[in-house]
Amino acid sequence: MLKLENISSSIGSKKLLDQISVSFFPGKINLIVGPNGSGKSTLIKVMSKQISFDGNIFYEDVNLRNISWRDLSKFRAVLSQHTDVAFPLKVWEVVMMGRYPHFTTSPGKPDEQAVREAMHYFEVHSLADRNYSTLSGGEKQRVNFARVLAQIWFSIPGRCRYLFLDEPLTFLDVNFQYQFMKKLQLLEQKNDLVIVGVVHDLNLASKFGDSILLLNEGRVTSFGKPVEVLTAENIERSFKIKPFIFQHEGAMIISF
Amino acid sequence: MQLNRNYTTVWIVLSIALGVVFFFSLRLGAILIGTEEIFSSVSNYFSSDALTLNERIFLNIRLPRAITCLEVGASLAMAGVLMQALFRNPIVEPGLVGTSSGAAFGASLYFVLGATFQFNAGVWTLPLAASVGGALATVVVFLLSHRKGGTQSIISLLLTGIAVNALCLSGVGMMSYLARDPQARSITFWNLGTLSGASWNSVLLIGASTLICFFVSLRLVKSLNALAMGEEEALYLGVNMNRLKISVLTVTVILVAVATAFVGVISFIGLIVPHLLRLIKGSDNRYLLIGSVLLGALLLSLADLAARLLLAPAELPIGIVTSAVGVPVFILLLRRNRHYF
């Protein structure tokens, strides 16, 4: 479980996050939505100890302030928007980077196993020897997903693993977005994995999210099931645009 | 699916080539030294037999020069690998970001003003002056070109490098203007780079810095690999970025400054070697680091042979040889890697 208590963060005099308290549980897809500048990505960065904050964050019962960078990277992985490498690296070399926190000089058997399995899971094993920079945007993001998951591939007895997604779907087409979310649903069934993701598309959020956190101006507008959070009133108040919400075969469709 | 690369062939080929070139760099030069003289000089050195002229040339000039050349080549090439990884750019090399010219300025200050200020730390004085100069110039370039948010724009890096290089070189010019004749000649040789001053002192000092920096760098290669994906991703993989930056800059400055202190400014080795290694077999920094020791030593030995033989019995400054080869490679790289700008 990931517990945030009164989290605030600011750059200069601008408050990016204001008194956010929320808990994310394993076995669920937690999605953060909100307008631009509402603090979604900032929250991900705060949770992964990348920027400073006031308040407390607990990974299970351990305060984030007492977890070193190195230790954190053994059970918390972050997938970002898009990642490019500066030098020609092979796909498997990129995926192997996910294992870097786990070995000192050269990868061991478990590291190779994790890389193999993660690459199969995201169907990028056939690209293993390709040059990463020659891949398409969708392929790259699948490789990165494999890398990020390889980082936390093995369960840790008595502890949760944490997967944060920082707008990972932005540059992907519809097909890739849905494939991606379906993979995420499969992962969700592992009951030691805490998944927290930022998405832009409200329909995607309502379809795949188990709980939705709606942020606006650095504050929590609403947190709960999609039907409770993504109401016409909430959406209009946050996004300043009036939505039309339809029900179709039990699914929610949000249009503007 | 193979999850490792086999570098054995590369190591074997490079080592053999290095051995061959080293052998020739021992024998060839203004005076040809025979293979039997190489052996006899060593055995005569340990027995109390008198040494012939050739044997003395070999022991006191040729051998330390050849070894210094290996060490300098390895140092500069390693520095190139480290800097390229840190700046995430394959066209960076120590000469472009002020390290070499800063070291040259520091050294020329010592040449001209050292006696005036009674500044003396024994054999360490020159390397120390050069290191301080190199470090200052590099840090200035790094800070001035650093943008808020942690990204290093390559254009501002190169432009700042040009400015700081120009400043350092005009400082060197100022010093040679003030200098008396022998000092001025030392400064001029310095800017062109020459191995003719190599001695057993330089072998020991550069050797120590090369060895220490190599082992320190081996511990940094994994973090540098992660940095290929950007600072943010490296942070997510548990890399302490500030510590990494400081370590890499420190190691690079020591490598370049100590080498430069003895042999002057030798450009482009740090650029060409990593590039060739990437062409041979990939961009893993561990491979690049070990490979750069071998290939750097190999290429600089070749360049030194050329410097010794082209105008024999006179000799060319080695910096002229490396620049003549390096500039076309640099331009080629620039044209190929447009997307870095």
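Values in this document were obtained by computation on a predicted structure and should not be read as measured data. Below, chains carry the letters A, B, ... as their sequence lines are ordered, and counting in each starts from 1.
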| What is the distance from atom CZ of A/Arg70 to atom CG of B/Leu237, rounded to the nearest 0.5 Å? |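 A/Arg70 atom CZ to B/Leu237 atom CG measures 10.5 Å (nearest 0.5 Å).
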
Item to complete: Name the option with the most non-hydrogen atom pairs under 4.5 Å to chain A; the candidates are B/Arg286, B/Gln84, B/Arg219, B/Glu232.
Response: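 Of B/Arg286, B/Gln84, B/Arg219, B/Glu232, B/Glu232 has the most heavy-atom pairs under 4.5 Å with chain A.
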
For chain B, which candidate among [options] shows the most heavy-atom pairs at distances under 4.5 Å?
options	value
A/Val95, A/Val94, A/Thr105, A/Asp129	A/Thr105
A/Lys45, A/Lys49, A/Arg147	A/Arg147
A/Lys90, A/Arg116, A/His125	A/Arg116

Backbone N or O of B/Tyr236 within a donor-acceptor pair of the A/Gln151 side chain at under 3.5 Å?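 At least one qualifying donor-acceptor pair exists.
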
**Q.** Any donor-acceptor N/O pair, B/Lys222 side chain to A/Phe103 backbone, under 3.5 Å
**A.**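 Checked: pair present.
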
Do you know the tightest heavy-atom contact between [X] and [Y]?
X	Y	value
B/Met229	A/Val85	CG-CG1, 3.6 Å
A/Phe87	B/Ala228	CD1-CB, 4.3 Å
B/Asp284	A/Leu89	N-CD2, 4.5 Å
B/Asn225	A/Met97	O-CE, 3.1 Å
B/Ser283	A/Pro88	OG-O, 3.0 Å

message: Any heavy-atom pair between the side chains of B/Arg5 and A/Trp92 that's under 4.5 Å?
response: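 They are in side-chain contact.
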
Q. Tell me, side chain or backbone of A/His120 under 4.5 Å from chain B's heavy atoms, or both, or neither?
A.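 The answer is the side chain of A/His120.
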
| Is the number of heavy atoms from other residues, nucleotides or ligands under 6.0 Å of A/Lys183 NZ greater than 12? |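 For A/Lys183, atom NZ is crowded (more than 12 foreign heavy atoms under 6.0 Å).
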
